[in-house]
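Order of the sequence lines fixes the chain letters, A, B, ..., with proteins taken first and strands second; residue numbering starts at 1 for each chain. Note that these values count all heavy atoms, side chains included, but never hydrogens, waters or copies made by symmetry.
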Amino acid sequence: MKNPVMTASGTFGYGVEFADFVNLEDIGGIIVKGTTLQPREGNDYPRMVEMASGMLNCVGLQNKGVDYFCEHIYPEIKDIQTNMIVNVSGFSIDDYAECAARINALDNIPAIELNISCPNVKHGGMAFGVTPEGASAVVKAVREVYQKTLIVKLSPNVTSIADIALAVQDAGADAVSLINTIMGMVIDIEKRKPVLSIATGGMSGPAVKPVAVRCVWQVAKAVHIPIVGLGGIMTAEDAIEFFLAGASAIEIGTANFIDPTITVKVANGINDWLDRHGCKSVNEIVGQLDG
Amino acid sequence: MKKYVKDLMVAAVEFPHECYVLLKLTDSEPLPEMLPGQFVEVKVEGSPKTFLRRPISINYVDRENNQLWLLIKKVGEGTQKLAELKVGDKLNLVFPLGNGFSSVQEKGEKVLLVGGGVGVAPLLDYGKYLKDNGASPVFLLGARSKSDLLEQALFKAIAPVYVTTEDGSEGEKGFVTQHTLLEKERFDRISVCGPKPMMMSVARYAKATGTPCEVSLENMMACGLGACLCCVEKTVKGNVCVCKEGPVFDINDLTWNI
Ligand SMILES: Cc1cc2nc3c(=O)[nH]c(=O)nc-3n(C[C@H](O)[C@H](O)[C@H](O)COP(=O)(O)OP(=O)(O)OC[C@H]3O[C@@H](n4cnc5c(N)ncnc54)[C@H](O)[C@@H]3O)c2cc1C
Ligand SMILES: Cc1cc2nc3c(=O)[nH]c(=O)nc-3n(C[C@H](O)[C@H](O)[C@H](O)COP(=O)(O)O)c2cc1C
Ligand code: FES
């Protein structure tokens, strides 16, 4: 990886949407929109609501399905010279495995991020992500058919994220990424109705950062595989917090909406910070909390 | 069309009405190509409650003075903050976004431009474009009362303007769809921007008279770039992003019950 900065799924499209603003090849990795075996229309509008220092969304995995991805989108992005990673979601173990197997066949996709943690679909990914047994079963099935780098994305909406991370590691994951959005709800008090079409949605943005840092720190103590940290990162300093908590790479999500050039700014800012602190690489600070 | 993220400088701040502000922005370089009906996403500084950028239509592009105009209605904290900007301040924009209104289809075509409230904003630029390119635009503008009618002199300098106000203080009393112009004349096509109920009633008129009609939608947006899929509208082709495939849609592509 050129640098430890990647884009979070669902916030950066397929990368090409941002090509006017940043050189995509200056980003360590681009994790594209959640992809499912079958096409999905997603949830009804309204799908987003703003809050102080963040937002909630309930997009609901709208995408054209993995076959469309392979035929029409992959050719458009396969020559972008960085790690193009596909975020895979599903509704059954077979769905996940089948989807992963089809992406395994694409030469220029070096990794997938398995989303077992989407809060915005009924009976969807999160059902697997909330118990160690469920998480383990999905990861095992995917591991059998998927030979490249397998990153598993974890939900913070659980009692013990470290237990899930351990189960996922034991089932064969190469890395974990966390956190996905935190389930929340906003009510329009005049209409006495939830603002979002499905009532609840996933919170993201700077408001969730302390929760994310805490999760990374807990998971880092439990597993030995690499951790990708995300949740509310807006600046290089935010990213450094994640490294110190135990992440060796990070993803930037909602911040892309505020500044479409944020990825490159954070990547440069991380280098500056490391220089100022006499460090040669991020590895020197991963998990290096004092005391 | 290439998109930019850029700090523009506030060259003028005008208050056509206590609830509105007109920001005239400029840059040291010539402003990029923009189409009428496209919009910008502005970053609001100094308002902790305003986290996301705010989508605002391109009101007018004054090439002579290298100015981009934004006509903004104060409805909440973000737009209030924008109204507090001073000459010389910087405003960060992501632009130009969206598809824009249809280009001229035929020389001399009669195009009715219907605007309500702050929805008149993009019609100024569009009307100018149509006139400059050989079409014959006609404006039909609606407002609550006379003082809510914005940029009237500028509209009149481009094309004939018909007006309705809800209280009858200017033009005909009532809503735009009740204007007698619609009974007397037929148009080659119609473009509308305004509150959704108004756009729906104009769409109904268009359908009844067999006139092609496009509307400019204002769904809530996050990225403005077609990346987050938050701003979708149901269409005959499924859910599509208003920020990218729109904001302008042919009414036949929407699933409105009209
Ligand atoms: C493509 C597009 C073009 C637009 N062009 C203009 C324009 O030229 N001039 C202008 O004044 N406004 C325009 N708007 C609407 C403008 O974006 C909102 O009024 C603004 O975001 C409100 O921000 P706020 O922080 O002041 O209000 P908030 O505190 O966020 O909200 C105040 C009230 O405004 C409503 N509101 C917020 N966002 C929107 C929205 N996107 N559409 C409708 N209602 C909204 C909220 O429901 C709430 O009731 C446009 C919107 C879109 C999507
Ligand atoms: C609009 C939107 C859509 C998202 N879609 C997905 C998705 O398809 N798959 C996924 O794993 N995460 C998705 N996420 C979650 C983000 O990838 C990320 O985990 C979360 O937003 C926290 O990071 P942030 O605070 O930097 O945005 C989405 C988030 C947002 C805001
Ligand atoms: S606002 Fe993100 S896709 Fe339209």
Side chain to side chain contact (heavy atoms under 4.5 Å, CB included) against A/M84, all qualifying residues, sequence neighbours excluded: A/I30, A/V32, A/I77, A/I80, A/T82, A/I109
Minimal heavy-atom distance between B/V94 and A/F21, with the atoms involved, is CG1-CZ, 3.7 Å
Between B/G226, B/G224, B/A222, which has the largest tally of heavy atom pairs under 4.5 Å with chain A? B/A222
Largest heavy-atom contact set with chain A, pairs under 4.5 Å, which of B/C230, B/P48, B/C223, B/C231: B/C230
Can you spot which of A/F12, A/F18, A/F257 makes a side chain to side chain contact (heavy atoms under 4.5 Å, CB included) with B/L225? A/F18
Could you pull out all residues at least two apart from A/P210 that satisfy side chain to side chain contact (heavy atoms under 4.5 Å, CB included)? none
Measure distances from A/P46 to the heavy atoms of chain B and classify the residue's part below 4.5 Å as side chain, backbone, both or neither. neither
Step through the atoms of chain A and chain B and list each donor-acceptor pair whose separation is under 3.5 Å.
residue, atom, partner, partner atom, Å
A/D20, O, B/K2, NZ, 3.4
A/D20, OD2, B/K3, N, 2.8
A/E41, O, B/N239, ND2, 2.7
A/E41, OE1, B/N239, N, 2.7
A/E41, OE1, B/N239, ND2, 3.3
A/D44, OD1, B/K234, NZ, 2.9
A/Y45, OH, B/M220, N, 2.7
A/R47, NH1, B/L229, O, 2.7
A/E50, OE1, B/R54, NH1, 3.3
A/E50, OE1, B/R54, NH2, 2.9
A/E50, OE2, B/F51, N, 2.7
A/E50, OE2, B/L52, N, 2.7
A/E50, OE2, B/R54, NH1, 3.2
A/Q62, NE2, B/N239, O, 3.1
A/I258, O, B/R53, NE, 2.7
A/I258, O, B/R53, NH2, 2.8

Contacts of A/N108 meeting side chain to side chain contact (heavy atoms under 4.5 Å, CB included) (sequence neighbours excluded), chain-then-number -> A/Y74, A/K78, A/D79
Largest heavy-atom contact set with chain B, pairs under 4.5 Å, which of A/A19, A/P206, A/G205, A/G54: A/G54
Any heavy-atom pair between the side chains of A/M48 and B/C228 that's under 4.5 Å? no
